[in-house]
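Here's the structure we're looking at; comments come further down.
These numbers come from the heavy atoms of this one structure, side chains and all, not from hydrogens, waters or symmetry mates. In listed order, ligands and their atoms are each counted from 1.
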Amino acid sequence: MLFDFDGPICRLFPRGSSRPLAEELRRLVAAFGLEDALTGAERTGKDPHLVLRAVHQAAARADVRRGFEDVDFGQLVGALEAAVTEGELTAVRVAWPTPNADEFIGRLAERGLCLAVVTNNSPHAAGCYLRERGLEGHFKAIHGRTADPGLMKPHPDVVRRALESLGLPPQDAVMIGDTPTDLEAATEAGVGFIGYGRNEAKRKLLRDAGAKVVLGAYAPLIEGMG
Ligand SMILES: [Mg+2]
């Protein structure tokens, strides 16, 4: 079973607490003179990954690069990635555990299921959280964001890396995730999907994206495990 980290295992930035990190990234982008490359939610939103992804995508576009010939995009993307990792490492110390996730993970491991993390967060941050909670031993592998933000989910790269490291064919795995991008990555990799949504709005997003199974809590599953 492949677990997305933020959502299914913990709430990494509860109550909009990712905003200061998103602002920090926007300051970095501005320091490179590139604030005009950001639009809409990238400019005002609270999700640091949106800013990271936007700059990475801008860097890949020749028309954008023509307007910013003096900008070292590689250096900027590297600096943004490092700042996101730093922010996530700080956030895991105060992240909110997803209700019953620790027990659910423990029970799955007890039954001999092979568990791995497939996250867009830093694998170091996910590892740090799991270690702190005594859960690290239950996971065979922790896969996360690489230096290439273009490989973040919905790209299936992280799911494929996890399958490879576990030596599993896609049909023997199932992924649990909390966003339509998780569903997209799982589907693209040929892996079954279970949605986890902590509220009705999130569950509806998953169902609307095509998720067939969507959970709102782990407790009924734990009960069902006897
Ligand atoms: Mg998530």
Side-chain angles (χ1 to χ4, degrees), residues 1-19 21-22 25 41 45-53 81 84-85 87-102 104-105 108 115-130 133 135 138-139 141-146 149-162 173-189 191-218 221:
M1 184 169 276
L2 312 178
F3 276 83
D4 172 39
F5 176 61
D6 188 7
I9 295 180
C10 71
R11 212 168 140 195
L12 189 52
F13 291 103
R15 297 196 172 142
S17 57
S18 62
R19 185 170 291 283
L21 181 54
L25 297 195
K46 63 176 185 181
D47 183 358
H49 286 179
L50 258 189
V51 183
L52 174 63
R53 209 192 301 265
E81 208 288 318
V84 175
T85 293
E88 289 171 351
L89 282 166
T90 304
V92 290
R93 293 191 213 121
V94 291
W96 294 1
T98 297
N100 302 111
D102 290 20
F104 182 52
I105 288 164
L108 292 173
L115 307 182
V117 171
V118 289
T119 176
N120 276 350
N121 297 121
S122 154
H124 305 296
C128 182
Y129 175 88
L130 295 172
R133 298 195 67 80
L135 296 170
H138 295 325
F139 288 87
I142 298 171
H143 294 277
R145 194 175 58 245
T146 65
L151 295 180
M152 288 164 74
K153 293 173 285 184
H155 194 291
D157 174 70
V158 72
V159 182
R160 289 184 180 142
R161 276 188 283 133
V174 65
M175 174 179 168
I176 181 155
D178 70 326
T179 60
T181 50
D182 290 319
L183 171 62
E184 207 179 319
T187 306
E188 188 64 28
V191 167
F193 183 78
I194 297 172
Y196 175 90
R198 66 182 158 81
N199 59 36
E200 180 48 32
K202 289 193 175 278
R203 292 192 287 274
K204 184 175 186 311
L205 273 179
L206 289 165
R207 283 193 303 267
D208 289 351
K212 300 279 185 288
V213 182
V214 180
L215 310 173
Y218 293 126
L221 291 186

By atom name, which N, O or S atom of Asp178 is the nearest to the Mg ion (ligand 1)?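 Of all N, O or S atoms in Asp178, the Mg ion (ligand 1) lies closest to OD1.
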Which of the N/O/S atoms in Asp4 sits closest to the Mg ion (ligand 1)?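 Sorting the N, O and S atoms of Asp4 by distance to the Mg ion (ligand 1) puts OD2 first.
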Please work out whether the ring planes of Phe104 and Tyr218 are parallel, tilted or perpendicular, with thresholds of 30° and 60°.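 Rings of Phe104 and Tyr218: parallel, under 30°.
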Determine whether Tyr129 and Asn121 make a side-chain contact, defined as any pair of heavy atoms from C-beta on separated by less than 4.5 Å.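 Heavy-atom side-chain distance check fails, nothing below 4.5 Å.
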Quick one: does Lys202's side chain get under 4.5 Å of Leu206's, heavy atoms only?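 Not in contact.
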Any N/O/S of Asp6 under 2.8 Å from the Mg ion (ligand 1)?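 So Asp6 counts as coordinating the Mg ion (ligand 1), yes.
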Give the minimum heavy-atom separation between Ser18 and Pro48, together with the two atoms involved.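 Ser18 and Pro48 have their closest heavy atoms at CB-CD, 3.8 Å.
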